[in-house]
Amino acid sequence: MLDKEGREITYLRISVTDLCNLRCKYCIPEEGVNKKCHSDILTFEEIEKVVRASAELGINKIRLTGGEPLVRKGIVDLVNKISSIAGIKEVVMTTNGTLLKQLGKALKEAGLKRVNISLDTLKEDRYKNITRDGKISDVLEGLEAAKEAGLNPIKLNVVLIKGFNDDEIEDFVNLTIDKEIEVRFIELMPIGINGLKFHEKFLSSKTVLQKIPNLIPIVSKDEFSTAKYYKLEGAKGKIGLINPISHNFCSKCNRFRLTSDGKIKPCLHSNREIDIKSALREDKDIIPILAKAIRVKPKEHHINEEDYKPIDREMYQIGG
Ligand code: SAM
């Protein structure tokens, strides 16, 4: 379906939970996440209904995210159900990877196509610090398990954070020399708790090109890709730069979001939300609600404007 700007919206990102087994300092408050009442969270049957209705409106790609999608019980069954819905061509997931060792194979068998694994450092002590006690070995083992299960190509999401991982850019780039992975450097966005301190920590993705000037630009096959791609000569993998701040991709944005508490978000950086949970619970037709959410998608975000205020939700309550 086309939105009012004429963009074809084909991609729905679904947060299945706010809960996470890590507490990354720029994403989750130190005291952790308040567990929502069970009835506030969409059931898997309700999520399935939203996917079915979305498919009727032309959505063909679903990303499951969170919080951490793999901490929600029954996630493999959800993947199984939604990946067999007519019109849905791919179901993919963004995860911190820590539970992929246990779940990777079952997810692949259930129909998951690929995973994006979030990893902001390759150093054990830094990982423990930024995630407030996470174990990097869990992620690295998860990554191997995902590769073996065939959840390829694995994409590694690295949020660039000034003073934290700018000295590891080369190490991340070098991972692509003999591994068929995509390392994607993502600019930190002004959201939630980090929003106000954002300018202290922001690092433009241009830094990657300054540090590694021999990266060769390559053309992406996916015209809606939010990343600009590069590679080292002869490398098996590639590098993606995702620049929501320094070069916004609003004019190509083909996505909208569903939060775990049943709100549709047409744009990540706007407070506008459209409730779908009540209609689901009253057994009403949800297609008009989805169609409206798509239609009203804003032309662009305003995060680069001086008086921009970060949105009220935190990233873990929307799902990156
Ligand atoms: N738990 C999963 C994970 O770690 O991938 C999925 C949810 S997490 C919120 C999704 C992604 O959002 C992660 O890659 C995380 O690093 C990223 N993220 C969180 N806050 C961010 C921010 N302010 N700017 C850019 N990316 C952010």
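Keep in mind that the numbers below use all heavy atoms, side chains included, and drop hydrogens, waters and symmetry copies. Just follow the structure's listing: the first ligand is 1, and inside any ligand the first atom is 1.
- Distance alone, capped at 3.5 Å, is enough to place a donor-acceptor pair between the Arg72 side chain and the Val16 backbone.
- Other residues, nucleotides and ligands place no more than 12 heavy atoms under 6.0 Å from the CG atom of Asn34.
- For Thr95, every heavy-atom contact with ligand 1 shorter than 4.0 Å involves the backbone, none the side chain.
- One N or O on the side chain of Asp275 and one on the backbone of Ser278 form a donor-acceptor pair closer than 3.5 Å.
- Taking every non-hydrogen atom of Ser118 and a distance limit under 4.0 Å, the qualifying atoms of ligand 1 come out as 3 (C), 4 (O), 5 (O), 13 (C), 14 (O).
- Between Glu68 and Tyr316, the side chains place no donor N or O within less than 3.5 Å of an acceptor N or O (distance only, hydrogens not considered).
- Remark: ligand 1 and Gly66 share no N or O pair separated by less than 3.5 Å (distance only, no angle test).
- Inspection of the Thr121 and Glu168 side chains reveals an N or O donor paired with an N or O acceptor under 3.5 Å.
- Between Tyr26 and ligand 1, an N or O atom pair is found at a separation short of 3.5 Å.
- Within the structure, ligand 1 has Glu187 among the residues with a heavy atom less than 4.0 angstrom away.
- For ligand 1, the polar-atom distance check finds no N/O of Tyr316 at less than 3.5 Å from any of the ligand's N/O atoms.
- With a 4.0 Å heavy-atom cut-off, ligand 1 is reached by the backbone of Asn96 and by its side chain too.
- Backbone and side-chain nitrogen or oxygen atoms of Met189 are examined, and one is located within less than 3.5 angstrom of a nitrogen or oxygen of ligand 1.
- When non-hydrogen atoms are compared, ligand 1 lies under 4.0 Å from the side chain of Thr65 (C-beta onward) but not from its backbone.
- Residue-ligand proximity, Cys27 to ligand 1, at heavy-atom distances under 4.0 Å covers atoms 9 (C), 19 (C).
- When only modelled atom types and interatomic distance are considered, Asn254 and Thr10 share a side-chain donor-acceptor pair under 3.5 Å.
- Using a 4.0 Å cut-off between charged side-chain N and carboxylate O, Lys135 and Glu124 make no salt bridge.
- For Glu282, the CD atom sits in a packed shell: over 12 heavy atoms of surrounding residues, nucleotides or ligands are nearer than 6.0 Å.
- Using a 4.0 Å cut-off between a side-chain N of Lys or Arg and a carboxylate O of Asp or Glu, Glu90 and Arg114 qualify as a salt bridge.
- Under the 4.0 angstrom criterion for non-hydrogen atoms, Gly67 is in contact with ligand 1.
- Within ligand 1, the atoms closer than 4.0 Å to a non-hydrogen atom of Val159 are 16 (O), 26 (N), numbered from 1 in the order shown.
- Considering backbone and side-chain N/O of Glu68, one or more are found under 3.5 Å from N/O of ligand 1.
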